[in-house]
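Here the structure is laid out as structure tokens; the discussion comes afterwards.
Below, each value reflects all heavy atoms present in this structure, side chains not excepted, and no hydrogens, waters or symmetry copies.
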Amino acid sequence: ATRAGTSDALASAAFRRGTLLRALSPQLRMKRAPACCDAAQPALTPAVLEGEQSALPAAIPAALQPFYTHCAACHDMPSASPPGFLHGSIETVERNLARCAPRIRFRLSMWRLPAGNRAKTPMPPPVFVPAWEQAAPRADIEHMIDYATRAMRADAVTRMPARGYEALPQCREPGSEAHDARTH
């Protein structure tokens, strides 16, 4: 019916449950399409990300503000993947950032390169911040790279250009490797 132009149920457009079910109902020998599908309100409550209710620290130091602004949506959760380096007290976050600094620095530095020259996907990923391809917040990116660089050991900074991303230390909580070995 869509090909014939008598229906737009399967047209190249946003999926519309009510329209699709009304078009399919006769084909499925249904007396009528379910009435649920045109409701203005969703039948289910909206999905909630794990850790979404976590409270931000009361006072976030200026040095950490860009991390919370640009990274907290994914990294302020008690998870191993993506690493929850912004979850917890300021002291915990500072320890986490120091531990994860080589990988954070590497991924943020990908924003300095044209899209075709990037060894890895930058963080945050362009799919989540597509406007950054045209106008990335350069000052915040440079601030976060500088913070990560200062958090790294000096010898790690000088060796970094010769090493690939996969050779960098994992961004894991101390002891999480033993937990991973037990669970896998």
Side-chain angles (χ1 to χ4, degrees), residues 8 11-16 40-42 44-173:
D8 66 348
S12 181
F15 183 77
R16 295 159 298 148
Q41 297 296 321
L44 302 173
T45 58
V48 175
L49 292 174
E50 178 184 333
E52 191 172 17
Q53 283 85 13
S54 66
L56 292 176
I60 299 171
L64 300 180
Q65 284 289 339
F67 289 102
Y68 281 96
T69 299
H70 302 294
C71 309
C74 296
H75 295 284
D76 183 17
M77 294 183 228
S79 60
S81 181
F85 56 81
L86 292 174
H87 188 73
S89 68
I90 292 299
E91 295 78 21
T92 300
V93 167
E94 288 171 336
R95 277 193 311 275
N96 291 344
L97 287 170
R99 186 182 65 250
C100 300
R103 286 181 172 252
I104 291 170
R105 182 178 183 262
F106 190 98
R107 298 298 285 272
L108 285 167
S109 70
M110 292 296 107
W111 283 109
R112 293 174 169 166
L113 303 172
N117 295 349
R118 296 172 180 161
K120 285 297 268 183
T121 302
M123 285 293 155
V127 70
F128 293 123
V129 288
W132 281 29
E133 291 289 4
Q134 284 73 44
R138 298 281 175 213
D140 283 355
I141 292 170
E142 293 305 319
H143 177 85
M144 290 185 286
I145 291 171
D146 290 345
Y147 184 96
T149 302
R150 287 190 309 275
M152 293 169 59
R153 293 189 339 247
D155 64 325
V157 175
T158 58
R159 287 192 330 259
M160 198 160 165
R163 300 173 70 182
Y165 182 78
E166 284 71 22
L168 296 173
Q170 293 289 318
C171 181
R172 295 179 183 254
E173 293 270 353

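Closest heavy-atom contact between I90 and P61: CD1-CD, 3.6 Å. Heavy atoms only, all atoms of each residue included: V127 and P130 are closest at O-CD, 3.8 Å. Considering every non-hydrogen atom in both T121 and P126, the closest pair reads CG2-CD, 3.7 Å. Contact record, H143 with A63: NE2-O, 2.9 Å, taken as the closest heavy-atom pair. For the residue pair P82 and C74, the shortest heavy atom distance occurs at CG-O, 3.3 Å.
The structure places OG of S109 at 10.0 Å from CZ of R118, a figure rounded to the nearest 0.5 Å. If you take CZ on R150 and CE on M152, they are separated by 12.5 Å, rounding to the nearest 0.5 Å. Separating the CG atom in L168 from the SG atom in C100 is a distance of 11.5 Å, to the nearest 0.5 Å.
Side chains of R112 and I141 form no contact here, defined as non-hydrogen atoms less than 4.5 Å apart. For the pair W132 and P124, the minimum side-chain heavy-atom distance is below 4.5 Å.
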Item to check | Steps toward side chain to side chain contact (heavy atoms under 4.5 Å, CB included) verdict (L64, E94) | outcome: CA-CA 9 Å; L64 300 180; E94 288 171 336; 4.2 Å; yes

Contacts table for residues 65-73: side-chain donor-acceptor under 3.5 angstrom, sequence neighbours left out:
{"from": "Q65", "atom 1": "NE2", "to": "I60", "atom 2": "O", "distance (Å)": "3.2"}
{"from": "T69", "atom 1": "OG1", "to": "Q65", "atom 2": "O", "distance (Å)": "3.0"}
{"from": "H70", "atom 1": "NE2", "to": "D140", "atom 2": "OD2", "distance (Å)": "2.6"}

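Formation of a donor-acceptor pair under 3.5 Å by the R105 side chain with backbone atoms of A148 is not found in this model. Side chain of W111 to main chain of M123: a donor-acceptor pair is present (N/O by atom type, distance under 3.5 Å, no hydrogens or angles). In this structure a side-chain-to-backbone donor-acceptor pair under 3.5 Å is missing from R107 to K120.
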